[in-house]
Amino acid sequence: MIDFHCHVDLFPRPEEVIREADSRNIYVLAVTTTPKAWSGLKLLLGDSARVRPALGLHPELARERESELCLFDDLVSETRYVGEIGLDGSPAHRGSLPAQKRVFDAVLQSCASAGGRILSIHSRCAATEVLDALERRPEAGKPVFHWFSGTAKELERAISLGAWFSVGPAMLSSMKGRDLALRMPKDRILTESDGPFARISSRAAMPWDVGVAESILTSIWQVSKEATTKLLKGNFKTLLS
Ligand code: MN
């Protein structure tokens with residue numbers, strides 16, 4: 001199984017989550033929310049075979065952590081993966097959108113200079129603005145929209161831009177989420193947990209909860225469980241190749 005967006009370092013006992021994910025053979029992309037969190041995450045991961053770190057600067061923290069952009073530039077050469085990055089236009093964060101846009105543009109520029117990265121992207125209430133920024137800088141790498149919640153039109157635009165998508169149990173629990181997932185190209189979908197932020201029946205989602213997302217995809221795609229597993233595994237290989 002694949003959990004392409006998980007905040008491993010924010011669980012109360014991250015070591016246990018890493019050990020458990022490794023023992024269950026789950027590939028996890030461990031995203032970070034600030035460049036300063038990078039070194040701590042790397043220490044936590046140690047020689048984990050399947051949990052890989054991503055360098056991030058979360059839009060909700062962009063304004064207060066703008067000064068960490070230099071650190072981001074220094075570290076980007078150390079990783080293939082960047083996330084969590086993006087924009088958040090929800091009422092609670094709309095006020096910091098100018099700072100968020102500066103930070104997101106700088107991050108994309110940094111990724112482009114480094115030769116392109118695989119990007120795990122947040123776009124709540126700001127899909128159009130995220131797409132505008134990505135369109136301005138196609139050399140930034142391969143965008144993977146995490147928990148996409150834009151309109152069907154914005155989704156179409158993301159698809160034509162070549163974007164990928166990671167979908168989790170929380171997103172797929174709503175009809176809108178399932179409808180969007182059904183419109184995504186099957187060969188550009190991965191699963192994610194977004195734990196511990198995303199919840200499943202009032203507890204934190206764990207990497208192994210991506211099994212729930214696999215089951216929902218199986219039912220909306222109307223294929224066999226084996227076909228879904230095979231497809232997702234193939235997608236993961238393609239994205240990384
Ligand atoms: Mn997240």
Side-chain angles (χ1 to χ4, degrees), residues 1-12 14 17-18 21 26-38 40-41 44-45 51-65 68 72 79 81-94 96-97 100 103-104 107-108 111 117-127 129-130 133-134 141-150 158 163-174 176-177 180-181 184 189-200 202-210 212-213 239:
M1 291 194 294
I2 297 128
D3 179 358
F4 208 69
H5 185 104
C6 181
H7 298 266
V8 169
D9 59 344
L10 301 181
F11 280 96
V17 177
I18 295 162
I26 304 172
Y27 289 91
V28 180
L29 185 67
V31 296
T32 49
T33 52
T34 68
K36 272 191 182 150
W38 174 256
L41 174 68
L44 265 177
L45 296 186
V51 187
R52 295 292 151 80
L55 175 68
L57 211 173
H58 198 289
E60 290 175 20
L61 298 170
R63 183 162 55 189
E64 58 182 89
R65 302 300 187 102
E68 288 182 40
F72 186 98
T79 180
Y81 309 100
V82 162
E84 178 166 0
I85 57 167
L87 299 172
D88 191 307
S90 66
H93 302 287
R94 205 174 287 158
S96 68
L97 264 176
Q100 290 184 43
V103 167
F104 188 44
V107 161
L108 293 178
C111 293
R117 293 292 181 263
I118 293 173
L119 316 163
S120 185
I121 298 182
H122 175 113
S123 58
R124 181 169 56 198
C125 305
E129 291 87 342
V130 165
L134 290 172
K142 281 189 205 171
V144 182
F145 280 83
H146 114 84
W147 196 336
F148 185 86
S149 58
W164 285 61
F165 304 91
S166 56
V167 302
M171 168 181 172
L172 297 171
S173 69
S174 79
K176 185 195 171 192
L180 286 169
M184 293 166 183
I189 290 194
L190 298 169
T191 47
E192 67 166 36
S193 69
D194 200 18
F197 291 129
R199 321 280 303 169
I200 293 183
S202 71
R203 62 159 176 90
M206 308 301 291
W208 37 97
D209 289 320
V210 294
V212 177
L239 179 71

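Treat the numbers as computed from the prediction; the structure is a model and nothing was measured. Residue indices begin at 1 and follow the sequence shown. We use all heavy atoms of the structure for the numbers below, so side chains are in, but hydrogens, waters and symmetry mates are not. Read the numbers this way: they start at 1 and go in the same order the structure lists the ligands and their atoms.
Ion pairing between Asp209 and Arg199 fails under the 4.0 Å rule for side-chain N and carboxylate O. Electrostatic pairing of Arg65 and Glu60 does not count as a salt bridge here, judged by no charged N lying under 4.0 Å from a carboxylate O.
Looking only at distances, a side-chain donor or acceptor of Thr32 sits under 3.5 Å from a matching main-chain atom of Ala54. Side-chain atoms of Arg94 come within 3.5 Å of backbone N or O of Gly89 as a donor-acceptor pair.
Excluding waters, the protein N/O/S atoms found under 2.8 Å from the Mn ion (ligand 1) are His5 NE2, His7 NE2, Glu84 OE1, Asp194 OD1.
Under the 30°/60° scheme for interplanar angles, the aromatic rings of His7 and His58 are found to be tilted.
The 12-atom threshold is exceeded at NZ of Lys142, counting heavy atoms of other residues, nucleotides or ligands nearer than 6.0 Å.
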